[in-house]
Amino acid sequence: MKLILLGPPGAGKGTQAARIAAKYGIAHISTGDMLRAEIRKGSELGLKAKSTIDRGELVSDDVIIGMVKNRIEAPDCARGFLFDGFPRTVEQAEALEEITEIDRVIDIEVPFSRLVERISGRRMCPDCGAAHHVSRVDGGRCPDCGGALYQRDDDREETVKNRLSVYERKTAPLIEFYLQRGKLLEVNGDAPIDTVGAEIFGKLEE
Ligand code: AP5
Ligand code: MG
C-alpha cells in the first residue's frame with residue numbers, strides 16, 4: 001500500500017498519518033520530520049534547510065527527492081508507506097512517478113481561516129512526535145508519553161501565513177494533478193480528529 005496525504009499546513013496530515021500507518025503497518029514518511037531531524041543533528045543539510053523552513057519557503061526539489069529515494073529503500077517500507085508532506089510541487093510529483101507507483105492520494109481539506117489558529121496553538125512532543133493543541137494539554141507535558149512539549153520555530157503567525165501562501169501557489173495544483181490520474185480521495189478535515197480518521201478509513205476501504 002502506497003499512499004500520499006495532501007493538504008495545507010495544519011490540515012492534520014501528521015495526526016492522521018500516525019493512525020493510518022499504525023492501522024496498516026506501513027511506514028510514515030514525513031519529509032518535514034526528516035528535515036527537522038537533520039536540523040537537530042546539526043548536519044550540513046539541516047543547517048542549510050533551517051533558514052528556508054523558518055521563512056516558510058520550500059526546500060529545493062533535488063534535496064527532497066534525494067532524501068525520499070533513500071528513505072523508501074529502508075526495510076520498514078517493504079509493506080508500503082504513507083507520504084506526509086511530500087510531494088509538494090508538480091516537479092516532485094513527476095519525479096515520484098519515475099520512482100514508484102502510488103495507489104491513493106488523500107486530500108484533507110480545511111478552510112484557511114481555521115488553520116492559523118490550529119498551527120499557532122500546536123505543541124510538539126520531542127519524544128513520541130505527537131502534535132497536540134494547547135487547549136488539550138495540561139502543564140506542558142505530552143498527554144501520550146509525558147515528554148516536555150515545545151513549539152516549532154515555523155509555527156509563528158507570520159511564517160504560518162507565508163506557508164499557506166506557498167501551499168496555494170506550489171502545492172494546491174497537485175489536487176488537479178492526482179484528480180486527472182484517478183487517484184484522489186477528498187476528505188473533510190474540518191471535523192473532530194476521530195471523524196476525519198473514520199472518513200479516511202471508509203474511503204480507503206471502499
Ligand atoms: P511539514 O512538517 O510537512 O509541515 P506542513 O505541511 O506545513 O504541515 P504541518 O506539519 O504544519 O501540519 P499537519 O497537516 O501535519 O497538521 P498536524 O497533524 O500537525 O513541513 C515543514 C517545512 O519543511 C515546510 O514548510 C518546508 O519548508 C519543508 N518541507 C517539508 N516537506 C517538503 C517538501 N516535500 N518539499 C519542500 N520542502 C518541504 O495538526 C496541526 C494542529 O491541529 C495540531 O495541533 C493538531 O493537534 C491539530 N489538529 C489536527 N487535526 C485536527 C482536527 N481534526 N480538529 C482540530 N484540531 C486538529
Ligand atoms: Mg505535519
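Each ligand, and each atom within it, is numbered from 1 in the order the structure gives. We're numbering straight along the sequence, starting at 1.
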Could you check whether any heavy atom of [X] sits closer than 4.0 Å to an atom of ligand 1, since that is the contact criterion I want to use?
X: Met124; result: no
X: Arg152; result: yes
X: Ser30; result: no
X: Ala191; result: yes
X: Ile119; result: no

Hey, which atoms in ligand 1 end up nearer than 4.0 Å to a heavy atom of [X]?
X: Gly85; answer: 31 (N), 32 (C), 33 (C), 34 (N)
X: His133; answer: 44 (O), 46 (O)
X: Leu58; answer: 36 (C), 37 (N)

Minimal non-hydrogen separation, Pro8 against Phe112, with atom names: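 Taking Pro8 first and Phe112 second, the nearest heavy atoms are CB-CE1, 4.0 Å.
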
[atom1] of [X] to [atom2] of [Y]: how many Å apart, nearest 0.5 Å?
X: Arg118; Y: Ser113; atom1: CZ; atom2: OG; result: 10.5 Å
X: Lys2; Y: Ile99; atom1: NZ; atom2: CD1; result: 10.5 Å
X: His28; Y: Cys77; atom1: NE2; atom2: SG; result: 11.5 Å
X: Thr159; Y: Arg55; atom1: OG1; atom2: CZ; result: 10.0 Å

Side chain to side chain donor-acceptor pair (under 3.5 Å) with Gln92: which of Thr31, Asp61, Asp62, Thr171?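 Running side chain to side chain donor-acceptor pair (under 3.5 Å) over Thr31, Asp61, Asp62, Thr171 with Gln92 returns exactly one hit, Asp61.
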
Return the option from [options] holding the heavy atom at the smallest distance from [atom].
atom: atom 24 (C) of ligand 1; options: Arg88, Lys50, Arg163; value: Arg88
atom: atom 46 (O) of ligand 1; options: Arg136, Arg118, Glu91, Gln92; value: Arg136
atom: atom 16 (O) of ligand 1; options: Ala49, Gly12, Pro192; value: Gly12

Could you say whether the N/O atoms of Gly7 and ligand 1 ever approach to under 3.5 Å?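 In fact, backbone or side chain, Gly7 has no N or O that close.
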
Counting only nitrogen or oxygen atoms and a 3.5 angstrom limit, does Arg122 reach ligand 1?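 Between Arg122 and ligand 1, an N or O pair is found under 3.5 Å apart.
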
Taking Glu206 first and then Lys203, would you say they form a salt bridge - that is, a charged N and a carboxylate O separated by under 4.0 Å?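 Looking at Lys203 together with Glu206, the answer is no, because their closest N to O distance does not fall below 4.0 Å.
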
Structural part of [X] in contact with ligand 1, heavy atom criterion under 4.0 angstrom:
X: Ile108; answer: neither
X: Glu57; answer: backbone
X: Val59; answer: both

Whether Phe83 and Phe86 hold their rings parallel, tilted or perpendicular, with breakpoints at 30° and 60°: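 Ring orientation of Phe83 relative to Phe86: perpendicular.
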
